[in-house]
Amino acid sequence: MEEYNCVFPKNVISEVPKLAMYIPNFVTSEEEEEIIKYVNNAPLPKWTQLSHRRLQNWGGIPHPKGMIAEEIPSWLTKYVDKVSSCNVFEKGKLPNHVLINEYLPGQGIMAHSDGPLFHPIVTTISCGSHTLLEFYKRLDSTQQHEQNLEFSFLLEPRSLLILQGDLYHNYLHSIAEKDTDVVSKLTMKNLSICGEEFSEGQILKRGVRLSLTIRHVPKTSKLKLKFG
């Protein structure tokens with residue numbers, strides 16, 4: 001596998017708890033078009049419809065008792081390998097699962113963490129549209145009403161975001177249900193390393209976004225079929 005030297009000090013997002021890395025233009029426009037084509041051409045049963053978005057699981061469906069591992073198709077393996085070649089995953093912890101979310105303009109996801117089903121590194125490729133990923137400090141149940149936005153990342157199309165460490169364990173992330181986002185240099189902490197230049201107060205209109213969240217599920221099991 002060819003090594004893709006994407007993680008340098010310049011990719012580390014400063015002014016936030018460790019550790020987040022942002023790589024603009026991680027995939028090419030042609031690769032983005034390929035991803036969108038294959039995702040949209042997936043058979044209808046592959047989609048799971050939720051109230052505010054729909055998604056696909058590739059590699060299996062994570063479960064506390066163990067994910068029944070399934071083969072990831074070759075068109076998607078190419079991007080799993082490309083992320084793996086950044087060498088952010090530990091030896092023996094290479095990604096084996098891809099969650100693909102489709103967000104229409106105005107759709108989002110509530111504040112959450114990826115939790116113990118996954119090795120604590122999450123990598124996300126964005127395709128089709130930008131979005132704004134917002135972060136909140138994890139609080140105990142008696143403090144949740146005090147939850148305030150700490151900072152946000154502007155995720156451009158074709159970019160890769162890597163989260164681990166304190167940001168994985170002690171922060172929640174969300175996407176607000178909006179049609180547009182307003183650029184703020186105060187709260188958007190990765191603007192200086194984005195692929196494009198953005199001006200204060202600039203209004204960004206969301207389109208259809210596909211996110212490929214590529215992770216390692218430590219606990220897997222083999223399906224045992226009984227016949228007769």
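Computed from a predicted model, the values in this text were never measured in an experiment. Computed from heavy atoms alone, side chains included, the values below leave out hydrogens, waters and symmetry copies.
By the side-chain hydrogen bond (donor to acceptor under 3.5 Å, both in side chains) test, K78 is found to be paired with E34, residues two or more places apart in sequence or in another chain being considered. Partners of F153 under the ring-ring contact (aromatic ring centres under 6.0 Å, His included) rule, at least two apart in sequence or in another chain, are F135, F151. For the side-chain hydrogen bond (donor to acceptor under 3.5 Å, both in side chains) test, residues two or more places apart in sequence or in another chain that qualify with Q56 are W58. Remark: H130 pairs with D181 by the side-chain hydrogen bond (donor to acceptor under 3.5 Å, both in side chains) rule, at least two apart or across chains. Residues passing the ring-ring contact (aromatic ring centres under 6.0 Å, His included) test with W75 are Y38, sequence neighbours excluded. S113 meets the side-chain hydrogen bond (donor to acceptor under 3.5 Å, both in side chains) test with R138; sequence neighbours excluded.
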Worksheet entry | Audit row: I68, I61, side chain to side chain contact (heavy atoms under 4.5 Å, CB included) steps and yes/no | CA-CA 7 Å; I68 298 173; I61 299 178; over 6 Å; no
Fill in: Evaluation steps, side chain to side chain contact (heavy atoms under 4.5 Å, CB included), between N101 and L210
CA-CA 6 Å; N101 277 293; L210 296 176; over 6 Å; no
Item to complete: Check step by step if side chain to side chain contact (heavy atoms under 4.5 Å, CB included) holds for L99 and L55.
Response: CA-CA 7 Å; L99 176 66; L55 57 84; 3.9 Å; yes
Worksheet entry | Verdict with supporting geometry, L163 and I121, side chain to side chain contact (heavy atoms under 4.5 Å, CB included) | CA-CA 6 Å; L163 298 178; I121 296 177; over 6 Å; no
Item to complete: Report the C-alpha distance between S74 and T77 in whole Å, list the side-chain angles of each, state the deciding distance to 0.1 Å, and finish with yes or no for side-chain hydrogen bond (donor to acceptor under 3.5 Å, both in side chains).
Response: CA-CA 5 Å; S74 59; T77 298; over 6 Å; no
Item to complete: Assess whether salt bridge (charged side-chain N to carboxylate O under 4.0 Å, His left out) is satisfied between R158 and E32, documenting all intermediate values.
Response: CA-CA 6 Å; R158 299 179 295 283; E32 180 185 39; 2.9 Å; yes
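Panel note: side chain K205, backbone D179; no donor-acceptor pair is recorded below 3.5 Å. Checking side-chain atoms of E33 against main-chain N and O of E30 turns up no donor-acceptor pair under 3.5 Å. A donor-acceptor distance shorter than 3.5 angstrom exists from the side chain of Q107 to the backbone of H52, with no hydrogens or angles considered. Side chain of T123 to backbone of I214: a donor-acceptor contact under 3.5 angstrom is found. The closest donor-acceptor contact from the side chain of H216 to the backbone of H97 lies at 3.5 Å or more, if one exists at all. Between the side chain of K178 and the backbone N or O of I175, no donor-acceptor pair lies under 3.5 Å.
Salt-bridge check for R54 with E102: passed, with a basic side-chain N closer than 4.0 Å to an acidic carboxylate O. Looking at K185 and E200, no side-chain N of the basic residue comes within less than 4.0 Å of a carboxylate O on the acidic one, giving no salt bridge. Salt-bridge check for E31 with K82: passed, with a basic side-chain N closer than 4.0 Å to an acidic carboxylate O. Salt-bridge annotation for R215 and D114: present, with a side-chain N of the basic residue lying under 4.0 Å from a carboxylate O of the acidic one.
Remark: C127 SG to L155 CG distance equals 11.5 Å, nearest 0.5 Å. Atom CG of L132 and atom OG of S174 lie 8.5 Å apart (nearest 0.5 Å). To the nearest 0.5 Å, atoms CD (E156) and SG (C194) are separated by 4.0 Å. In this structure, K93 NZ and F89 CZ are separated by 11.5 Å, a value rounded to the nearest 0.5 Å. Rounded to the nearest 0.5 angstrom, L212 CG and L76 CG are separated by 6.0 Å. To the nearest 0.5 Å, atoms CG (L161) and CG (N190) are separated by 8.0 Å.
For H173 and H112, the gap between ring centers is short of 6.0 Å.
Shortest non-hydrogen contact noted between V217 and N96 is N-OD1, 2.7 Å. Shortest non-hydrogen contact noted between P17 and D166 is CB-OD2, 3.4 Å. Counting all heavy atoms, side chain and backbone alike, E177 lies closest to G108 at CG-N, 3.6 Å. Here the shortest heavy-atom pairing between Y22 and P24 reads O-CD, 3.7 Å. Residues Q164 and I162 share a closest heavy-atom pair of NE2-CG2, 4.1 Å. Among all heavy-atom pairs drawn from S184 and L191, the shortest one is O-CD1, 3.9 Å.
At least one side-chain heavy atom of P62 sits less than 4.5 Å from a side-chain heavy atom of N57. Residues F118 and T213 have side chains not in contact (no heavy-atom distance under 4.5 Å, counting atoms from C-beta outward).
Following chains of ILVMFWY side-chain contacts shorter than 4.5 Å, one cannot reach L154 starting from V12, and the two form parts of different hydrophobic clusters.
Donor-acceptor pairing under 3.5 Å is recorded for the side chains of S126 and R209.
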